[in-house]
A.B. asks: 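One structure coming up, written as structure tokens, with questions to follow.
Source: prediction; values computed, not measured. Letters go in sequence order (proteins before strands), and every chain restarts at 1.
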Number of protein chains: 2
Amino acid sequence: MKLIEAKQQFISSWGAFGTHWGINRTMAQIHALLLISPDPLTQDDIMEELNISRGNTNMNIRELINWGLVERIFIPGERKEFFSAEKDIWKVVKQIVKERKKRELEPMLQLLDKLEAVEGDKKDKHVKNFVDTVSSIKKLGKQADKTLDTMIKAEETWFVSALMKIFK
Amino acid sequence: MKLIEAKQQFISSWGAFGTHWGINRTMAQIHALLLISPDPLTQDDIMEELNISRGNTNMNIRELINWGLVERIFIPGERKEFFSAEKDIWKVVKQIVKERKKRELEPMLQLLDKLEAVEGDKKDKHVKNFVDTVSSIKKLGKQADKTLDTMIKAEETWFVSALMKIFK
DNA sequence: CCGAATTTTCAAAAAATATTGAAAGTTTAT
DNA sequence: ATAAACTTTCAATATTTTTTGAAAATTCGG
């Protein structure tokens, strides 16, 4: 397979993959393109490679910057802005975990705390089942939260070798 | 907070949560409703509780069954079918992990294997960066795959205590 | 086998989401 | 201060996804 074809497949699969994870196709594709580009690219480079409009490109680059996955690069003597993606995949994964934890897991745990305190007779099977369900989700969620916190701080080498030890 | 209100909040949040994870709102809401229902429900019960159409209810129940999260219950003397969700949250999580691994991670790893074998001069920085990126994603993906395999087989108590040990 | 009860399908409609492109805004070199 | 280069915004449009509901299919008791 030629590089040009492999690149296209990589970008298009990364885009499809993203849509399964609540990330829009274009955002994932821009990320993929930057990952495999050895040098920073401009907005125009990205527009051209992916055949998307200026507005779309701009919005999604910004979103990637919000997620901490892409950074603006200043190149002396250049008028245009350049963009580059973090290439260390372990850092990328940690960054995504960190953001999703903050945006999704933490609010969910807050809600569960409130819901667990529902009024009503615990003898009533509806009340009991509700509280039990909420409590068990909360328990697992809290555990996941702690685990992810530690993971976010971890080095890959340390993490992998620790995992190897338990999951042997 | 009254049970009825707490239920509604739980269902609606579970639905919103699902949409961030590529699961459609209705499917997540049906799942939430079944999780907090002590007894199995019929299609009509679900339609009425969530105010959704018969077709929509039917398709999403089926999808939940495909995911292994809901099962049909046969109740002697009843003509209608009843549905019930797995209540053990650890089992639910393992089931979801298992399915997503099969549907998403495994095909991605297969693709990466192919892409890693791209033709071209490894001295060319474009080729080199492409291969390096693909390889490192593959490496992390393979590790995740193994880890998840072990997790799928694990008991919750064992899993949590093992995690406590490393992530202390 | 009949017909009522129930489930399933799927084309059409609605809703949600993503994309465009042109205009407005900003920055920079001279 | 000006104008060209570049970036950002956002209303309109297009696309994708979800939902509906009525018709078709299936199941089951008698």
A.B. asks: Give the rounded distance in Å between these two atoms: NZ of Lys80(B) and P of dG29(D).
C.D. replies: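 Going from Lys80(B) (NZ) to dG29(D) (P), I get 16 Å.
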A.B. asks: Determine which bases of DNA chain C form Watson-Crick or G-U wobble pairs with both distances under 3.5 Å, and write the result as a 5' to 3' dot-bracket string with | for other-strand partners.
C.D. replies: ||||||||||||||||||||||||||||||
A.B. asks: In whole Å, I'd like the distance from the CD atom of Glu78(B) to the P atom of dT27(D).
C.D. replies: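 Rounded to whole Å, this separation is 19 Å.
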A.B. asks: State which residue, out of Val92(B), Leu34(B), Leu35(B), Ile30(B), fulfils the side chain to side chain contact (heavy atoms under 4.5 Å, CB included) condition with Leu69(B).
C.D. replies: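 Going through the options one by one, the only one that passes is Val92(B).
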A.B. asks: Is the terminal nitrogen or CZ of Arg25(A) (NZ for Lys, CZ for Arg) located under 6.0 angstrom from the six-membered ring centre of Trp14(A) and within 45° of that ring's axis?
C.D. replies: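 Not satisfied by the 6.0 Å and 45° rule.
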A.B. asks: Do the side-chain N or O atoms of Arg62(A) get closer than 4.0 angstrom to the phosphate oxygens (OP1, OP2) of dT9(D)?
C.D. replies: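 So the side-chain polar atoms of Arg62(A) do come within 4.0 Å of the phosphate oxygens OP1 or OP2 of dT9(D), strictly under.
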A.B. asks: What is the ring orientation for Phe130(A) with Phe10(B), classed by angle as parallel under 30°, tilted 30 to 60°, or perpendicular over 60°?
C.D. replies: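 Phe130(A) and Phe10(B): perpendicular rings.
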A.B. asks: Round to a whole Å and report the spacing from CE of Met59(A) to C1' of dA18(C).
C.D. replies: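 Result: 9 Å.
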A.B. asks: Using OP1 and OP2 only, check whether a side-chain N or O of Asn56(A) sits under 4.0 Å from dT20(C).
C.D. replies: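 Affirmative; the distance criterion is met.
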A.B. asks: Tell me: CG of Asn60(A) to P of dT20(C), nearest whole Å?
C.D. replies: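 Rounded to whole Å, this separation is 10 Å.
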A.B. asks: What verdict does the salt bridge (charged side-chain N to carboxylate O under 4.0 Å, His left out) test give for Lys102(B) and Glu106(B), after you've listed the backbone C-alpha separation in whole Å, the side-chain angles of each residue and the deciding distance to 0.1 Å?
C.D. replies: CA-CA 5 Å; Lys102(B) 187 172 77 198; Glu106(B) 286 166 14; over 6 Å; no
A.B. asks: Does Thr26(B) have a side-chain nitrogen or oxygen under 4.0 Å from the phosphate oxygens OP1 or OP2 of dT18(D)?
C.D. replies: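 So the side-chain polar atoms of Thr26(B) never come under 4.0 Å of the phosphate oxygens OP1 or OP2 of dT18(D).
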A.B. asks: Checking the side chain of Lys94(A) only, and the main-chain atoms of Ala154(A) only, is there a donor and an acceptor separated by less than 3.5 Å?
C.D. replies: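 Between the backbone of Ala154(A) and the side chain of Lys94(A) there is a qualifying donor-acceptor contact (under 3.5 Å).
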A.B. asks: Within this structure, what is the CD1-to-P distance between Ile61(B) and dT6(C), rounded to whole angstrom?
C.D. replies: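 Value for this atom pair: 14 Å.
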A.B. asks: So Arg54(A) and Asp44(A), salt bridge (charged side-chain N to carboxylate O under 4.0 Å, His left out) or not? Walk me through it.
C.D. replies: CA-CA 8 Å; Arg54(A) 184 170 300 285; Asp44(A) 290 273; 3.0 Å; yes
A.B. asks: Quick one: does Asp39(B)'s side chain get under 4.5 Å of Lys125(A)'s, heavy atoms only?
C.D. replies: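 Touching, per the 4.5 Å side-chain cut-off.
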A.B. asks: Ignoring hydrogens and geometry beyond distance, is a side-chain donor-acceptor pair present between Asn58(B) and Arg62(B) at under 3.5 Å?
C.D. replies: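 Yes - a donor-acceptor pair under 3.5 Å links their side chains.
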A.B. asks: Between dT19(D), dA18(C), dT8(C), which one does the side chain of Asn24(A) approach most closely?
C.D. replies: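 My answer, after comparing the listed nucleotides, is dA18(C).
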A.B. asks: Below 30° counts as parallel, above 60° as perpendicular, anything between as tilted: where do the rings of Trp21(B) and Trp21(A) land?
C.D. replies: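 Because their plane-to-plane angle is over 60°, the rings of Trp21(B) and Trp21(A) count as perpendicular.
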A.B. asks: Residues from residues 30-55 of chain A sitting under 4.0 Å of DNA chain D, heavy atoms only?
C.D. replies: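 Contacting residues: Gln43(A), Arg54(A), Gly55(A).
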A.B. asks: Roughly how many Å is it from CD1 in Ile75(A) to P in dT27(C), rounded to a whole number?
C.D. replies: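 These atoms are roughly 20 Å apart.
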A.B. asks: Can you check whether Asn58(B) has a side-chain N or O nearer than 4.0 Å to OP1 or OP2 of dT8(C)?
C.D. replies: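 The answer is yes; a side-chain N or O of Asn58(B) sits under 4.0 Å from OP1 or OP2.
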A.B. asks: Which sits closer to the 5' end of DNA chain D, Met27(B) or Glu81(A), going by the nucleotide each is nearest to?
C.D. replies: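 Result: Glu81(A).
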